[in-house]
Amino acid sequence: MSRIFEISERVRSYNSKADIDAIHRAYVFAAHAHAGQHRISGEPYISHPLAVASILSQLQMDDATIITGLLHDTVEDTSVTSKEIALHFGDNVARLVEGMTKIGQIKFHSSEHKQVENFRKMILATAKDLRVLMVKLADRMHNMRTLKFIPAHKQQSISQETLTLYAPLAHRMGIHWIRQEMEDIAFSYLDNKSYQNIKQLVGGNGDSLQQTKSQLERLLQEALADQKIETEVHGRLKHLYSLHQKMKHKHIDFDEIYDLVAFRIIVKDLQSCYHTLGIIHSLYRPIPGRFKDYIALPKPNGYQSLHTSIIGPEQHRIEVQIRTMEMHRYAENGVAAHWIYKDGITSEKETLHFKWLKDLTELLQSSRDPGEFLENARLDLFVMEVYVFSRDGDIISLPRGATVLDFAYAIHTDIGHHCEAAKINGERCDLRRKLHNGDQIEIITNPAQQPHLSWLQIARAPRSAQSIRQWFRRQDRQDSIDVGRKISDAILDGAKLDKRLIQHLECSSSEELYERVGRGEIALDKLVTVAQRSGRLSLRLTGRNRLMIQPAPCCLPIPGDRVLGLLEARNGLKVHYCNCGTLTNKQIEQAFEVHWNEADGRRYPTGIEIQTKERRGMLAAMTSAISDAGTNIADIRLNQHPGSITLLQVTVEVTDRVHLANTIRSLRALPGVIRVIRRNPGGVRSQGQRISHTLRGWISHIPKLGADRDQKKEK
């Protein structure tokens, strides 16, 4: 168990101005608050806050963060309040503890939608003060170290959550040792068989690897000392999870992994980094394509180093990283090494290191679909980069696999929206072209160009995909506002929206109310109830609001029918016949009684069924009767039945029920017609086996052909 004096001494070693007395008081305060509480392991609960504070001190965090580590569970798990924390340790610590308390109440073991929303809350809580996230990572790190004491099913779920969320966050913050330890522990619980196998393989090669490591450490140290370069050389074996991932993704065996050992060479200044690189390449043959300059082009999380791979002693492939001590501190401890709160000053370089969190925060604020946000967040956390240049020579970092379209959106959203083509290294190309390190790109825009839905298949960067979706949402939003305005005007009979009605429906403006009505988020009966204060009322559809009427294709109602209305997002009011068989009980509960009696001159499709005797010229006679009634024919389906009976199912276009009734009377008056009924509402009747012939497209010719046949018969 960690000891408070060890922690305070470590803090004093890197921060002489730290308030050590406050750290000791925080320990006593936490020990008193957690008195009598124990962890599942049986240890006193105070052992956990001490371990968290110890990890934070290893990261060289400021004293306020160390104190927060000691107090982080007091408000959530004891009777201590935020006011008491503020009284004893100040508002700054109280805000940090409150942030941890909010995160502690978030549970990720749930459906995808809830998981995304909880992840959203956590990022928003930590974006205000990154120290909250630092404490949370330390908290999770210690919980992973003590995972063996909890039930197996929890070990699995917590390990999976750590692997998919917390380890990537640690990586994004540049805290690589925490990321690697989290990954190895999670790996051991999620796939213990593979974990033990790789552990055994590494152990079996341990002596050989250790010998290579010691030999190369000595050779490199001596070679650099001969060139008067002050240096530290440290060799290390790669962690087990990274080896497992390499074998899995590259489909190789353990024996095919040649860079099991990596070396870090730490020098005094920037110039020595490149000098050292030259010396190493003169001693050992470099592997082509394996050199990366992260000093000139830092990673998005601020990591800087020179990377090269060489063929070392006994033909071992060895990775070498060269960096200054400042770069090394950052490589080990990430954001803690350049802590943004030191002396209250934020440098431009440090601000750049947190751009990923700013971008992720913006992304989660604009994402509506949970699956979409989760995918974008994963892409942003696991990002691997490609570095390209603008026409003016500016360096742009994009996810590996990014396209020309991603580059355009990275320059500016409007450039992305109007991007038509591009030139890469002077050669014209389309938007799908993938980018490679060192490409120089010039975007060609066209004011008439607008985003296409197909662009979502081209975009690889979360930011560009989100910008495209937002563009379409803005178009959908305006459509929803227009539909919602028409519906609201119809319900309120053109009266202006009352401010109290807007507030009662939990909207901030009339525009928001229109949008939510148009999207179907505010039910019509609720709008009417709130507006009229008289329960479930009916809606009278008139010519003024006919544009929002959409007759349902399942039952084809017409004006004059008794109908129910269902609001569909951005489509207005879908009107169903009251006894429509396709309506579910839930839909019926949500439906709104509608009075639709007024004919507006518009023609609406509906169906009739005609049963006739089979006789020459009958089809022509019927189509003529329909036409004479001023009715259009949209479709005819003819079915021949035994006994010389013909069944016709006709889709006609009429203005209302009166028009339909006149058409049916004209048909019933024809000789040979046995029965005429309305096919809808009630659906298409099906009676036994039949042969169906669709005569769509021939309708205009039928009367003439039928008449010709009748004339020939008479002659």
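- In this structure a side-chain-to-backbone donor-acceptor pair under 3.5 Å is present from D406 to A461.
- Side-chain atoms of R678 do not come within 3.5 Å of backbone N or O of I608 as any donor-acceptor pair.
- Separating the CD atom in E420 from the CD atom in Q450 is a distance of 12.5 Å, to the nearest 0.5 Å.
- If you take OG1 on T101 and CD on E76, they are separated by 6.0 Å, rounding to the nearest 0.5 Å.
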Show the numbers, then the answer: is there a side-chain contact (heavy atoms from CB on, under 4.5 Å) between L648 and R637? CA-CA 6 Å; L648 290 93; R637 294 178 184 269; over 6 Å; no
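- Residues I502 and S509 are not in side-chain contact: their nearest non-hydrogen atoms beyond the backbone lie 4.5 Å or more apart.
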Would you check, one step at a time, whether the test side-chain contact (heavy atoms from CB on, under 4.5 Å) holds for T68 with R131? CA-CA 9 Å; T68 302; R131 290 177 292 184; over 6 Å; no
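- Side-chain contact between V404 and I443: present, with at least one pair of heavy atoms (C-beta onward) separated by less than 4.5 Å.
- Within the structure, salt bridge (charged side-chain N to carboxylate O under 4.0 Å, His left out) pairs that include any residue of residues 505-514 comprise R477-E511 (at least two apart or interchain).
- The two residues T78 and A33 come nearest to each other via the heavy atoms CG2-O, 3.3 Å.
- The side-chain heavy atoms of S467 and W455, taken from C-beta on, include no pair separated by under 4.5 Å.
- Between the D561 side chain and the P557 main chain, no donor and acceptor come within less than 3.5 Å of each other.
- For the atom pair CG (L667) and CZ (R675), the distance works out to 14.0 Å, reported to the nearest 0.5 Å.
- Heavy atoms only, all atoms of each residue included: E84 and S79 are closest at OE2-O, 3.9 Å.
- The backbone N or O of L556 sits less than 3.5 Å from a side-chain atom of T606, completing a donor-acceptor pair.
- Atom SG in C554 sits 6.5 Å away from atom CG in L583 (nearest 0.5 Å).
- Taking 4.5 Å as the limit, every side-chain heavy atom of V75 sits out of range of all side-chain heavy atoms of E98.
- Using bins of under 30°, 30° to 60° and over 60° for the plane-to-plane angle, the ring pair H88/F29 lands in the tilted bin.
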Take N143 and I158 through the side-chain contact (heavy atoms from CB on, under 4.5 Å) test and state the conclusion after the steps. CA-CA 9 Å; N143 284 334; I158 291 173; 5.9 Å; no
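- With contacts defined as side-chain heavy-atom distances shorter than 4.5 Å, the pair I85/T81 does not qualify.
- In summary, the side chains of R657 and N662 do not present any donor paired with an acceptor at a separation below 3.5 Å, with no hydrogens or angles considered.
- R562 CZ: 12 or fewer foreign heavy atoms inside a 6.0 Å radius.
- We find the SG-CZ distance between C555 and R679 to be 12.0 Å, quoted to the nearest 0.5 Å.
- Checking H659 against T631 by side-chain atom types alone, a donor-acceptor pair falls below 3.5 Å.
- Partners of D414 by side chain to side chain donor-acceptor pair (under 3.5 Å), not counting sequence neighbours: none found.
- The main-chain N or O of I415 is never found under 3.5 Å from a side-chain atom of H418 such that the two would form a donor-acceptor pair.
- Q503 places no side-chain N or O within donor-acceptor distance of the main-chain N or O of R500, the cut-off being under 3.5 Å.
- Inspection of the T162 and R140 side chains reveals an N or O donor paired with an N or O acceptor under 3.5 Å.
- The minimum heavy-atom distance linking M100 with V132 is given by the pair SD-O, 3.6 Å.
- Residues H34 and Q37 bring a donor and an acceptor atom of their side chains to less than 3.5 Å of each other.
- N585 CG: 12 or fewer foreign heavy atoms inside a 6.0 Å radius.
- For the pair V650/D635, no side-chain contact is recorded, criterion being any heavy-atom separation below 4.5 Å from C-beta on.
- In terms of heavy-atom proximity, G401 sits nearest to R460 at O-CG, 3.2 Å.
- T65 OG1 to N92 CG: the interatomic distance, rounded to the nearest 0.5 Å, is 8.0 Å.
- Here the closest non-hydrogen pair linking T655 and Y604 is O-CD1, 3.9 Å.
- Between the R95 side chain and the G90 main chain, no donor and acceptor come within less than 3.5 Å of each other.
- Between Y409 and I468, some side-chain heavy-atom pair lies under the 4.5 Å cut-off.
- Pairing each heavy atom of R485 with each of Y514, the nearest pair is CA-CD2, 3.5 Å.
- The shortest distance between side-chain heavy atoms of L431 and C419 falls below 4.5 Å.
- A donor-acceptor contact shorter than 3.5 Å links the side chain of D430 to the backbone of R432.
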After noting the C-alpha distance and the side-chain angles of I626 and N632, does the key distance pass the side-chain contact (heavy atoms from CB on, under 4.5 Å) rule? CA-CA 7 Å; I626 292 172; N632 295 336; over 6 Å; no
